[in-house]
Amino acid sequence: MNSMPVPLQQVTLHPDLEPIYEVVLRRNPAEPEFHDAVRGVLGSLGPVIERRPEYLDAKLVERICEPERQIIFRVPWTDDSGQVQVNRGYRVEFNGALGPFKGGLRFHPSVSSSIIKFLGFEQIFKNALTGLPLGGGKGGSDFDPKGRSEAEVMRFCQSFMSELHRHIGEYTDVPAGDSGVGEREIGFLFGQYRRITNRYESAVLTGKGLTWGGARVRKEATGYGCAYFAQEMLGAKGSSLSGRTVTVSGAGNVAIYAIEKVQQLGGTVIGCSDSMGYLHDPAGLDLALIKEIKEVGRGPLQEYAARRPGSRFVAGEPLWELPTEVALPCATQNELNHDDAAKLVENGVLIVAEGANLPCTPGAVEVLRQGGVAFGPGKAANAGGVATSALEMQQNASRDSWSFEYTEDRLVQIMRDIHQSCHEMAFECGVPGDYVTGANNAAFIRVADAMLAMGVT
Ligand code: NDP
Ligand code: 2IT
């Protein structure tokens, strides 16, 4: 790199948007992740604000930055030793202009108002990009499932749903999984919802098991969708994943199925990671072994290196030091910083597509932009999960069950359409190839037009 990049925080906002952002900072103190998410979107909206001044007159940006409703509640439960534990539960119903609030639940000790609001805010635009009738929301708890027995996880989920059930419903708000919440937790949550309400309301939650209302491909959808989006990004450069070296961070739901699809599309995934460090397997990852360790055993990734000759586990260091042509951050927010991005650029990375929500810091995004690396933001690249949740809701509404092939074809088409709208909007905004500007403007226009049509609500 020739010059020091300008951190995104210092990029000037459109003059009409700066005072709106100032109010967001004042109204939501000490919420840095939420501030970054808002600034990330507002930083792109110059072109649309210039063309559509009626959005400013109707105070649409201010309205979109303020959640419609935020619920914070106590979640008391009893652990296996008989001790009472207390956690905090959240559901932020951010924007319902395009459909019922929709977004996952995250169980992780780092969960706070800031984290849930940033995720909910991003979800509005991601859901809009799918073109499906979905509003945006998010929820979760600071409960840490690690090291908890299945009985403890069940009691926690039952207590969580004892409050949440009042606020959700097929036509109101439809939660799903996110980090720390998979099919097992959705099962406990759905069981408690059914018991309290005495209703078999399948479409109140998505990510269900296949025998009780779940959809084929939902488990795989976020990771598969991210790989398909990366394939489209490479296609726009006249290239593809076939024969490419790829690194995928994380070893959870999104990462595992991103790795699976990249491998099916002919790429070689040489590294992945978990919260303890990263794994390097130059021969290409043995995905069956990763599934056995992480999905079945819920154990540490480190076990892999002990069982697979030629691989090594590097504790406490970022995966991004490995040279790669394609990087898919699929673990968590802010996991790829300015220095990591500089290393990727130095090593000749071609594209970065976010499987996680805001895994690249604002500084990292700027380094990638200045380094000429194509960057697919999460709200576009990881939208396959929520899109397939919408397909699950469609199947529930018609009491139908689609085949794997049919559902995956729908997912592929949705990811292509999202790529195309971002690509076309970037071109229209005068910044061809800038997927961030493309995604934010395309999504904002969809939400803003719906809100305009509905009056001041
Ligand atoms: P999981 O809980 O299944 O997996 C998260 C993985 O990331 C785990 O392997 C975890 O390690 C690892 N991890 C956590 N922190 C770090 C870190 N700092 N460095 C490296 N690895 C880390 O979550 P998901 O796969 O469901 O979600 C991952 C991301 O994708 C999140 O940002 C989520 O919001 C986003 N997402 C998820 C969707 C979904 O459908 N599930 C849809 C769209 C986006 P360990 O095992 O040690 O805890
Ligand atoms: O971040 C996300 O898009 C998700 N966790 C999936 C949300 C959903 O409702 O399927």
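The basis for the numbers below is simple: all heavy atoms, side chains too, and nothing from hydrogens, waters or symmetry mates. Indexing begins at 1, ligand by ligand and atom by atom, following the structure's order.
Ranking protein heavy atoms by distance to atom 5 (N) of ligand 2, first place goes to Asp178 OD1, 2.9 Å. Among protein heavy atoms, atom 41 (N) of ligand 1 sits closest to Asn253 OD1, 3.6 Å. Nearest non-hydrogen protein atom to atom 33 (C) of ligand 1 is Asp178 OD1, 3.3 Å. For atom 7 (C) of ligand 2, the closest non-hydrogen atom of the protein is Gly104 N, 3.5 Å. Given atom 4 (C) of ligand 2, the protein heavy atom at minimum distance is Lys138 NZ, 3.7 Å. For atom 10 (O) of ligand 2, the closest non-hydrogen atom of the protein is Ser389 OG, 2.6 Å. Of all protein heavy atoms, the one closest to atom 46 (O) of ligand 1 is Lys294 NZ, 3.0 Å. Nearest protein heavy-atom neighbour of atom 24 (P) of ligand 1: Val254 CG2, 3.8 Å. What sits closest to atom 20 (C) of ligand 1 on the protein, heavy atoms only, is Asp274 O, 3.2 Å. At the top of the distance list for atom 39 (C) of ligand 1, counting protein heavy atoms only, stands Thr222 OG1, 3.5 Å. The protein heavy-atom contact nearest to atom 6 (C) of ligand 2 is Arg218 NH2, 3.5 Å.
A donor-acceptor contact under 3.5 angstrom links the side chains of Glu321 and Tyr278, judged on distance only. For Glu335 and Ser249, the side-chain atoms include at least one donor-acceptor pair closer than 3.5 Å. At a cut-off of 3.5 Å, with distance as the only test, no side-chain donor of Glu408 or Tyr224 sits close to an acceptor on the other residue.
When each atom of ligand 2 is checked for a heavy atom of Gly103 under 4.0 Å away, the hits are 7 (C), 9 (O). Using a 4.0 Å cut-off to heavy atoms of Lys146, the atoms of ligand 1 that qualify are 45 (P), 47 (O), 48 (O). Residue Gly180 has at least one heavy-atom neighbour below 4.0 Å for each of these atoms of ligand 1: 2 (O). Listed by number with element, the atoms of ligand 1 under 4.0 Å from a non-hydrogen atom of Asn382 are 43 (C), 44 (C). Below 4.0 Å from some heavy atom of Ala356 lie the following atoms of ligand 1, by number and element: 29 (C), 30 (O), 32 (O), 35 (C). Those atoms of ligand 2 that come under 4.0 Å of a heavy atom in Ala176, given as number and element, are 8 (C), 9 (O), 10 (O).
Glu185 contributes a side-chain N or O that, together with a main-chain N or O of Gly182, makes up a donor-acceptor pair within less than 3.5 Å. No donor-acceptor pair under 3.5 Å is formed between the side chain of Gln85 and the backbone N or O of Val75. A distance-only check finds no donor-acceptor pair linking the side chain of Glu292 to the backbone of Ala288 [under 3.5 Å]. Side-chain atoms of Gln192 do not come within 3.5 Å of backbone N or O of Ser162 as any donor-acceptor pair. With hydrogens and angles ignored, the 3.5 Å screen pairs a side-chain donor or acceptor of Lys208 with a backbone N or O of Ser202. Not one N or O on the side chain of Ser159 forms a donor-acceptor pair closer than 3.5 Å with the backbone of Phe156. Side-chain atoms of Glu354 do not come within 3.5 Å of backbone N or O of Leu328 as any donor-acceptor pair.
Contact annotation: the side chain of Leu350 never approaches that of Val373 to less than 4.5 Å [non-hydrogen atoms, C-beta and beyond].
Taking 4.0 Å as the cut-off between side-chain N and carboxylate O, Arg148 and Asp80 do not count as a salt-bridged pair. Salt bridge absent: Arg216 and Glu392 never bring a charged side-chain N and a carboxylate O closer than 4.0 Å. A salt bridge does not link Arg63 to Glu66: none of the charged nitrogens lies less than 4.0 Å from a carboxylate oxygen.
The residue among Ala176, Ser275, Gly252 with a heavy atom at the shortest distance from atom 6 (C) of ligand 1 is Gly252. Closest to atom 1 (O) of ligand 2 by heavy atom, among Lys126, Lys102, Glu122, is Lys126. With atom 5 (C) of ligand 1 as the reference point, the heavy atom nearest to it among Gly250, Ala331, Gly378 is part of Ala331. Which of Ala251, Ser179, Ser110 comes nearest to atom 27 (O) of ligand 1 through a heavy atom is settled by distance: it is Ser179. Closest to atom 44 (C) of ligand 1 by heavy atom, among Leu119, Ile115, Asn357, Thr332, is Asn357.
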Original post:
After noting the C-alpha distance and the side-chain angles of Lys126 and Asn382, does the key distance pass the side chain to side chain donor-acceptor pair (under 3.5 Å) rule?
Top reply: CA-CA 8 Å; Lys126 179 193 311 191; Asn382 73 39; 2.7 Å; yes

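Tyr200 and Phe190 have perpendicular rings, their planes meeting at more than 60° on a 0 to 90° scale where under 30° would count as parallel. Using cut-offs of 30° and 60° on the angle between ring planes, the pair Tyr435 and His423 is tilted.
Assignment of Gly177 to the shell around ligand 2 is supported, since a heavy atom sits closer than 4.0 Å. Not close to ligand 1: Arg298, with no non-hydrogen atom less than 4.0 angstrom away. Residue Ser273 places a heavy atom under 4.0 Å from ligand 1. Between Arg106 and ligand 1 there is a heavy-atom distance shorter than 4.0 Å. Note on ligand 1: Cys330 sits in its first shell, one or more heavy atoms being nearer than 4.0 Å.
Under 4.0 angstrom from ligand 1, the non-hydrogen atoms of Arg218 all belong to its side chain. At a heavy-atom distance under 4.0 Å, only side-chain atoms of Asn357, from C-beta outward, approach ligand 2.
Taking distance alone, with nitrogen or oxygen atoms compared against 3.5 Å, Asn382 stays at or beyond that limit from ligand 2.
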